Structures are given as structure tokens and as C-alpha cells.
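For reference, the structure is listed below as C-alpha cells.
Note that the structure is predicted; figures quoted are calculated from it, not measured.
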Amino acid sequence: MRELDFLFVYEHKVRELENLCLIKYELDKRGYRTEIRYIEAAENELAVKPFIHTKVLLVMACYDNTALAWQIKNYVKFDKIIDMQWENIVYPKDEKREGAFKNYKEIGKAVPHVSWGEQNAKRLLEAAHLDKKMVKLTGHVGMDFLREPLCRYYLGREELFLKYDIPKADKVIFFASPYYGDMLPQEYIEEMCMRFGDNWTDYYRFMCDSQKIILSWLEKICIEYPNIQVIFRPHPGHPSIMAEKLANRCENFRLISGESVKQWIVVCDKVYTGNSSVVVEAFFAKKMCQLLFPLPVTEGFELKLISDSRKLTSYEEFCASIMAREEEFPTPQRSIEEIYLVDWDTPSYIKFADMAEEVLKDDAYRLTKEQLNGIHNYSGLVKIMKAICRIDALYQIYLSMLDNKSLKWSFLENQRQLRQKAYNNESAHKHELTSDQEIQEIIRRIKNAEIHESNL
């Protein structure tokens, strides 16, 4: 079994990987053993017993036992957890609602949670009723890439555009889509309604209708101004069929899921989004970003961060913004500072590493056997099966039986289907997979940015 001090698991590469590499870089410098793994890797799904033991497991979110069980499968043993909580901002309707999905239950009540700012910390204390010790105010690690010296981490405009074969243009417009996929399956919609209320269906309709209008604006820009290049980045994990069709119609409209939002923000001429925290990333990058709202947001779903921001609601306003030389930033700084810790002296990744060390060293954060045993809700038969497979000799017999296609027992056929499903799922998400080489390349670029700063 591989022994680690910190294991990070992630869901969306473009949202999380760079940030995790930055934290890993700092913790590695402090002498700790760290690793980063993708949640949906087939190796994780197919494990019947742990092959990693980590003292601290850092997860993308820890709402309840079910959310955690999906992330840990059976491949990792751990003593403590830190909830990275990459979805730190909640819908206003849920900020004070005690039963809200993101206010935690079960194991979620027993682990420390990262907070980007005072507003979320207040929610965790007052609505989620967490112990003050479990609320860790660190700021958002991702924003460190938008300040000196790490802003030098990103590819330059020429290098990035060459990578994606983006032609030269008078202006390059970047739209960071806040919209969920426009063909969500009914099961997904029902799950979101269970989490956020029945009117999430109305919010989804708002997103689909808004996206349709925004894409019509972007198409009109592409046609009227052929020397303008538009980059449309879909919401992580939510491809847009409407955007794909537009990309096929317009040569100067590009649909690109690769790279982080921050990478595109720093190189593009104009940045646009909607009901999203992308405007904050633009703020930290000291880059102009305007908010497109062709329709009013479903009641209770407009982010508090956006509620007092100036919005562009028509094509004429959008077009005028594209042509404008100077604009006023749409979101007041005070609104940003309520939600994000703004500290220009100490980077958030340093605060985070300090906090992670505290959790590692303090036994008060150690989970009890009862808490650990309650994470998985296995049936008696599954428990027996897993106990048998933990014995190496019996596990090898089990694998040989799976490989013997002449054995058609219903149990074995079912297990073969489950294994194939795991490989198919990994293949469907291959764009999310990472490698040691990719991680080391990100860390090399981080290190080079720091060295460049020290040589100035």
C-alpha cells in the first residue's frame, strides 16, 4: 500500500488541476508526500481494496456520505478529510436555508471546509451550524495565478493561439459560459431539483433560453465583424450542442473546452460571462469583464455577487461594449470583497498549505471508526464479496474466473458488465484524466514563474 501525507482528488481538470498543482508544489517543498488523482479513473472504480493510505484526503466536495463515497470508491484509506469545496458560492435562496444541499449532513458535518471569503464562512457557521474550528478561511487558491509572480505561469497569446490554431484577428472575444448543457438527461434535472428545489427546472429553462440568445448575439458579431474571433468556453462538464452547431457555421467562432478560464482571461481582448464568478477572476487579473443577461434570472438563483452588478441586456449594448475602448468594471469591489478574501500580501496557497499542515498534525480532526464505517452503504452480500476479494489469493482466483469467458454464471456476467462500464466511463471522460508528466509540467511552469520573479 502506497503511503501519503496528502491525496487530492479532482472532478474537473480545467477547474481544479492547476490549483491542486500549486498546493502540491508548496507542500512538496515542505517535505510532504502528495499525489493527485482523478475521481472517475477506472483503476479507482475497480479497486476492491485500498492501494493508497493517506493521512489527509482532500476532496472536491463533502456534502454527505453519498458524495464522499462516490469520490473515494474502495481504493483509499484515510484518517482525515479536508473539503476543498470548489463550489463555494451558493444560490441566494440557499444561503440561510438550513436544509440546503450545500449546508452538509452526515460526514459533511465532521470535516473542515475551505471558505474563500467571509460570506461563505458566515453561512457555514449560521446556516450549516459547523463548529468554528471546521471553517477554514483561506481565500481562493486559483486567484493566486492572476497576481505576481504566478501570472507569468500562463501561455502567452501567440503560443496559446498557435496551440489551438486560432488565426490572427483584430479582437479576440472570450465568453465563459455559465450555462449547464442544453441537452441534460431527465435524471440529472430531477437530481438537481432534489438538491435545489423544484424551481431549478425554471432556472435550467432560463439557462437554455439565455444561451440561445447569447449564441445568436455571438453569431451576429461573427457575421458582421469577420475580423473578430470569438472563443466560447462551455461550463465544465456541460457541452453545448447549440454552440457546436454555431462553430460549424462560423469560422471565426471557436468552441474550446481546454485550458482554465484564467488562461483565456489573461490573453483575450474582451471577456464576457453571465451568472458566474468568472467576473471575480477577471477582477483579480485586472482585466475588464462584462455581464450578459438577455433575460432576468429565475428568482432565488442570481448570485449575490451579481445582484448589484451592471448588466448588458441587449445586443446593442453588447456590440457597443465590444467596440468600446474604455469601460467601467460591472461589479463593485465591495461586493467581491464580501465573498472573496482579498489579501495582496500573503497568497492563498500559502494560507492553504498552513491550514493543511494544521489538519495533518492535529488529532482533533481524525475521523472516528463509526464515521468512516458509515460512508459506504453496502448490502450484506456486497460486504461479503469485498471481504473475500481483500484476500489476495481469492482475489486472483476471482480475476481468473472473470477472464475465463466460458464461465457464464450470472454473477460473473454482471461483474464483467460493471468492469466494462468503468472502462467506458473513463473513456468518456478521457479529457479529464491527467498524468504524472502533465502534473510535473504544470509544477515546472509554476516554479519557473517564481524563479523569474526572484531574478527581477
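Counting heavy atoms from C-beta outward, L155 and V267 have side chains that stay 4.5 Å or more apart. Residues S348 and M143 are not in side-chain contact: their nearest non-hydrogen atoms beyond the backbone lie 4.5 Å or more apart. At a threshold of 4.5 Å between non-hydrogen side-chain atoms, the residues E45 and E426 do not count as touching. Residues R195 and W200 have side chains not in contact (no heavy-atom distance under 4.5 Å, counting atoms from C-beta outward). Counting only heavy atoms from C-beta outward, the side chains of L7 and F78 never approach each other to under 4.5 Å. The side-chain heavy atoms of S240 and Q211, taken from C-beta on, include a pair separated by under 4.5 Å. V114 places none of its side-chain heavy atoms less than 4.5 Å from the side chain of V141.
Contact between A243 and L255 at its shortest, heavy atoms only, is CB-CD1, 4.0 Å. Contact record, L146 with A285: CD2-CB, 3.7 Å, taken as the closest heavy-atom pair.
Taking the six-membered ring for Trp and thresholds of 30 and 60 degrees, Y203 and F301 have nearly parallel ring planes, at less than 30 degrees apart.
None of F8, F6, Y25 except one satisfies the ring pair (Phe, Tyr, Trp, His ring centres under 6.0 Å) rule with Y32; the exception is F6. When each of E18, E259, E438 is checked for a salt bridge (Lys or Arg N to Asp or Glu O under 4.0 Å) with K13, only E438 meets the rule.
Salt-bridge annotation for K430 and E40: absent, with no side-chain N of the basic residue lying under 4.0 Å from a carboxylate O of the acidic one. In this structure, D362 pairs ionically with K133, as a charged nitrogen and a carboxylate oxygen lie closer than 4.0 Å. Between E159 and K163 no salt bridge is recorded (no basic side-chain N to carboxylate O distance below 4.0 Å). Salt bridge absent: K55 and D79 never bring a charged side-chain N and a carboxylate O closer than 4.0 Å. Electrostatic pairing of E441 and R444 counts as a salt bridge here, judged by a charged N lying under 4.0 Å from a carboxylate O. Between K262 and D144, no side-chain nitrogen of the basic residue sits less than 4.0 Å from a carboxylate oxygen of the acidic one, so the salt-bridge criterion is not met. Under 4.0 Å is where a charged nitrogen must lie from a carboxylate oxygen, and between R205 and D202 at least one such pair does. We find that K29 and E26 are joined by a salt bridge, their nearest charged nitrogen and carboxylate oxygen being less than 4.0 Å apart.
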- Evaluation steps, side chain to side chain donor-acceptor pair (under 3.5 Å), between T434 and Y10: CA-CA 10 Å; T434 190; Y10 71 91; 4.7 Å; no

- Begin from the C-alpha positions of Y272 and F318 and carry the test ring pair (Phe, Tyr, Trp, His ring centres under 6.0 Å) through to its verdict. CA-CA 9 Å; Y272 297 90; F318 174 45; 5.0 Å; yes

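Listed for the N227 side chain is no donor-acceptor partner under 3.5 Å among the backbone atoms of D170. Within the 3.5 Å criterion, the main-chain N or O of E106 finds no donor-acceptor partner in the side chain of D64.
Environment of NZ in K105: sparse, with no more than 12 heavy atoms of neighbouring residues, nucleotides or ligands closer than 6.0 Å. Applying the 6.0 Å contact sphere to CG of D198 captures no more than 12 heavy atoms from other residues, nucleotides or ligands. Counted within 6.0 Å of CD on E328, heavy atoms from surrounding residues, nucleotides or ligands total 12 or fewer; the atom is thus considered open.
Here the two rings, on F284 and H140, have centers that are 6.0 Å apart or farther. Within the 6.0 Å centre-distance limit, the rings of Y180 and H235 are counted as a close aromatic pair.
K287 forms no cation-pi arrangement with W264, by the criterion of a distance under 6.0 Å to the ring centre and an angle within 45° of the ring axis.
For the residue pair R445 and N448, no side-chain donor N or O sits within less than 3.5 Å of a side-chain acceptor on the partner.
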